[in-house]
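Written below as structure tokens is the structure these notes are about.
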Amino acid sequence: MELKQIWQTNRPVIGVVHLSPLPTSARWQGKLQEVIARAEQEATALAAGGVDGIIIENFFDAPFTKDCVDPAVVSSMTLIVDRLKGMVMLPIGINVLRNDAKSAMAIATCTDVQFIRVNVLTGIMATDQGLIEGKAHELLKYRRELGSQVAILADVLVKHARPLSTPNLTTAVKDTIERGLADGVILSGWATGSPPTQEDLELASAAAGDTPVFIGSGANWENITQLMQAADGVIVSSSLKRYGKISETIDPIRVSQFVEAAKSAPREEKQANSNSSVKQFS
């Protein structure tokens, strides 16, 4: 699946709409129309700032369920995605946290949007929700059963998690692509707001070959020019918000500054790399 056909650019900037707490979440306020209104404002601000795509996720539903979310979350996200699709003429993706890839695939297919993000597609990760197992087989089978063309962007050694072992980063990237059949891979730092290292991006890019590698966290207008030299795209949210605070709404001026910096970055030519990297976890 050629991802550049989704965004019509080789190195897309994908902004994230962090949904306010949804029904059944710990901080749900009982006002879905307010959740929708904020999502509309953020999507509009991202589009005005010049992003190439948007991903919608239930970020403020923490603490998250490990895998299957409540049907009310699926219903709410479906409604919101459909509303935003009618407002912004941009490719849209979905991430159902913590790792409900099947629901994300269902929402994306039924609303006819282009991609999903999956935190754990392969392997087993220890998280604050417990052990999360990748279910690549189930997800790819489900996509086929739906007759869907929705692309799968999968995290490798996802943030806020630790693998049960200490895998080789190169092997983890290759397994996610070759055994998990991800259409693109995402590399993050240790937590929200923390960027991946330049070295890890370069290793992941070399291991991924023709498969796109996305920066998944920690990008801002100061570091994106450097980071983007070793990546094929970026997913960004926190640094685009007013005052750079995660609880604030998207600031279109900050979006414009970020997009300009990202688009100005040169891209290093990918080279095959047989060297291994071991990412240490403590």
Side-chain angles (χ1 to χ4, degrees), residues 1-18 46 51-57 59 90-95 97 99 101 104 108 113-122 150-161 169-170 172-177 180-221 223-240 255 258-259 261-263 265-268 270 279:
M1 194 172 295
E2 290 287 337
L3 292 187
K4 64 182 179 183
Q5 294 178 4
I6 294 178
W7 297 286
Q8 300 300 309
T9 180
N10 288 327
R11 293 196 295 165
V13 174
I14 304 169
V16 185
V17 173
H18 285 159
L46 287 168
V51 299
D52 301 299
I54 291 173
I55 187 164
I56 301 161
E57 65 181 29
F59 181 82
L90 290 171
I92 292 177
I94 301 163
N95 186 16
L97 298 167
N99 204 55
V113 298
Q114 291 88 350
F115 64 101
I116 65 172
R117 179 176 184 174
V118 181
N119 283 179
V120 184
L121 182 66
T122 60
V150 170
I152 298 169
L153 306 186
D155 284 270
V156 175
L157 305 180
V158 68
K159 58 188 175 181
H160 298 290
L169 176 59
T170 296
V173 170
K174 288 184 175 180
D175 279 353
T176 303
I177 296 167
L181 301 186
D183 299 297
V185 296
I186 302 168
L187 206 65
S188 300
W190 305 118
T192 299
S194 172
T197 67
Q198 191 76 14
E199 179 186 8
D200 280 349
L201 280 171
E202 291 170 357
L203 285 163
S205 181
D210 293 333
T211 300
V213 175
F214 294 82
I215 301 160
S217 69
N220 56 53
W221 71 272
N223 66 19
I224 189 58
T225 303
Q226 180 67 30
L227 292 175
M228 203 69 161
Q229 292 179 27
D232 301 294
V234 58
I235 299 171
V236 59
S237 181
S238 303
S239 66
L240 305 183
V255 178
F258 182 89
V259 170
K263 298 295 184 181
R267 177 64 166 102
E268 294 178 356
K270 284 192 177 186
K279 205 171 190 176

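What's counted below: heavy atoms across the whole structure, side chains too, no hydrogens, waters or symmetry copies.
- Applying the ring pair (Phe, Tyr, Trp, His ring centres under 6.0 Å) rule to Trp7 yields the partners Phe115, Phe214; only residues at least two apart in sequence or on another chain are considered.
- The shortest distance between side-chain heavy atoms of Leu3 and Asp183 falls below 4.5 Å.
- Residue Ala182 comes nearest to Ala154 through the heavy atom pair CB-CB, 3.9 Å, listed as atom of the first residue, atom of the second, then distance.
- Using modelled atom types, no side-chain atom of Ser205 and backbone atom of Leu201 make a donor-acceptor pair closer than 3.5 Å.
- Of all non-hydrogen atoms in Asn223 and Gly218, the two that sit nearest each other are ND2-O, 3.0 Å.
- Ser217 places a side-chain N or O within donor-acceptor distance of the main-chain N or O of Gly189, the cut-off being under 3.5 Å.
- Atom OG1 of Thr225 sits about 9.5 Å away from atom CG of Asn220, to the nearest 0.5 Å.
- Asp155 pairs by the side-chain hydrogen bond (donor to acceptor under 3.5 Å, both in side chains) definition with Arg117, Asn119, not counting sequence neighbours.
- To the nearest 0.5 Å, atoms CG (Asp232) and OG1 (Thr9) are separated by 10.5 Å.
- Scanning for salt bridge (Lys or Arg N to Asp or Glu O under 4.0 Å) contacts around Asp52 gives Lys263, with sequence neighbours left out.
- Checked options Thr211, Val156, Val213; the residue passing with Val173 is Val156 (criterion: side-chain contact (heavy atoms from CB on, under 4.5 Å)).
- The shortest distance between side-chain heavy atoms of Ile55 and Leu153 does not fall below 4.5 Å.
- Among residues two or more places apart in sequence or in another chain, the side-chain contact (heavy atoms from CB on, under 4.5 Å) test is passed with Ala108 by Ile94, Val113, Ile116, Val150.
- Residues meeting the side-chain contact (heavy atoms from CB on, under 4.5 Å) test with Gln198, sequence neighbours left out: Glu202, Gln226, Leu227, Gln229, Ala230.
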inquiry  = Under the criterion side chain to side chain contact (heavy atoms under 4.5 Å, CB included), I'd like the reasoning laid out for Val16 against Phe59: C-alpha separation, chi angles, the key distance, then a yes or no.
reply    = CA-CA 10 Å; Val16 185; Phe59 181 82; over 6 Å; no

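- Checked options Val259, Val13, Leu46; the residue passing with Leu240 is Leu46 (criterion: side-chain contact (heavy atoms from CB on, under 4.5 Å)).
- Listed here is the closest heavy atom pair of Val118 and Asn99: CG1-OD1, 3.8 Å.
- The minimum heavy-atom distance between Gly233 and Met228, with the atom names listed, is CA-CE, 3.7 Å.
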message = Between Ile224 and Ile215, does the side chain to side chain contact (heavy atoms under 4.5 Å, CB included) criterion hold? Intermediate values first, please.
response = CA-CA 9 Å; Ile224 189 58; Ile215 301 160; 3.9 Å; yes

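- The CG atom of Asp175 sits 11.0 Å away from the OG1 atom of Thr170 when rounded to the nearest 0.5 Å.
- Annotation: the span from Asn95 atom CG to Ile186 atom CD1 amounts to 7.5 Å, rounded to 0.5 Å.
- A distance-only check finds no donor-acceptor pair linking the side chain of Glu57 to the backbone of His18 [under 3.5 Å].
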